[in-house]
Amino acid sequence: MPRLSVWFIRTALLNLGIGFLLGAVLLANKGVYLHVPVQRLLPMHGEALLIGGMVQFAMGVAFWMLPRFRSGPERGAEGWGWLAYLLINGGVILAGSATLLNLSPLTSSLGRAAELLGAASFGGSIWRRIKPFDLT
């Protein structure tokens, strides 16, 4: 398995664990009142599970499983994939922590933009590896 896929998948599992923990705290707050600002964990919970967990896991598996090139580097230019990894994780941290730390709404928008640029970077890194099946 390529190192980039390993990092994507490990980070995705870490984000899933964080998202489940935050979800458990949010759910426990419904039964036993913990503290008023607990509801501010909700955006981080969603970011960690959806973007940090599910999207990163899909990216890691896609980078690993898509067809490889016969000549040159097997998986093409991995630099764009590493850039996508950094942008996605930076975006999750920025967008998720904006409400938690009472930061400006611009911070959340910057996080979303980083996630979008990360997705575009990943798409660019795998675009040439997407091929149709030859069913003949």
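In this text, all values refer to a predicted model and were calculated from it rather than measured experimentally.
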- Note on the structure: residues 113-122 vs side chain to side chain donor-acceptor pair (under 3.5 Å), sequence neighbours excluded, gives none
- Got a sec, which pairs hit side chain to side chain donor-acceptor pair (under 3.5 Å) with one end in residues 85-99, sequence neighbours left out? Thr11-Tyr85, Gln56-Asn89
So which atom in [X] and which in [Y] form the shortest heavy-atom distance, rounded to 0.1 Å?
X: Ala12; Y: Gly53; result: CB-O, 3.3 Å
X: Gly81; Y: Ser125; result: N-CB, 3.8 Å
X: Ile18; Y: Ala48; result: CG2-CB, 4.5 Å
X: Ala114; Y: Gly91; result: CB-CA, 3.9 Å

Inter-residue atom distance [X].[atom1] - [Y].[atom2], 0.5 Å rounding:
X: Leu100; Y: Gln39; atom1: CG; atom2: CD; result: 12.0 Å
X: Leu16; Y: Ile9; atom1: CG; atom2: CD1; result: 11.5 Å
X: Trp7; Y: Leu14; atom1: CH2; atom2: CG; result: 10.5 Å
X: Glu47; Y: Ile93; atom1: CD; atom2: CD1; result: 11.0 Å
X: Leu42; Y: Asn29; atom1: CG; atom2: CG; result: 11.5 Å
X: Leu86; Y: Leu117; atom1: CG; atom2: CG; result: 12.5 Å

- Note on the structure: Taken in chain and number order and not counting sequence neighbours, the residues that satisfy side chain to side chain donor-acceptor pair (under 3.5 Å) with Arg10 are none
Flag yes if [X] and [Y] sit in one hydrophobic cluster, no otherwise; membership is Ile, Leu, Val, Met, Phe, Trp, Tyr, and two members link when side-chain heavy atoms are under 4.5 Å apart.
X: Trp82; Y: Leu66; answer: yes
X: Leu13; Y: Leu49; answer: yes
X: Met54; Y: Met44; answer: no

- Should Leu26 and Val38 be marked as a side chain to side chain contact (heavy atoms under 4.5 Å, CB included) after you check the CA-CA gap, both sets of side-chain angles, and the distance that decides it? CA-CA 7 Å; Leu26 287 165; Val38 168; 4.0 Å; yes
- Residue list, side-chain contact (heavy atoms from CB on, under 4.5 Å) with Ser5, at least two apart or on another chain: Met1, Pro2, Phe63, Trp64
- Qualifying residues under side-chain contact (heavy atoms from CB on, under 4.5 Å), relative to Thr107, sequence neighbours excluded: Leu94, Ala98, Leu103, Ser104
- Query: So which pairs with a foot in residues 95-129 pass ring pair (Phe, Tyr, Trp, His ring centres under 6.0 Å), sequence neighbours left out?
  - Reply: Phe8-Phe122
- Task: Decide side chain to side chain contact (heavy atoms under 4.5 Å, CB included) for Ile126 and Met59; before the verdict, give the C-alpha distance in whole Å, the side-chain angles of both, and the deciding distance to 0.1 Å.
- Result: CA-CA 10 Å; Ile126 64 167; Met59 286 177 164; over 6 Å; no
- Is His45 close to Val25 at the side-chain level, that is, under 4.5 Å between some pair of heavy atoms? no
- Message: I'd like to know whether CH2 of Trp80 has more than 12 heavy-atom contacts from other residues, nucleotides or ligands below 6.0 angstrom.
- Response: no
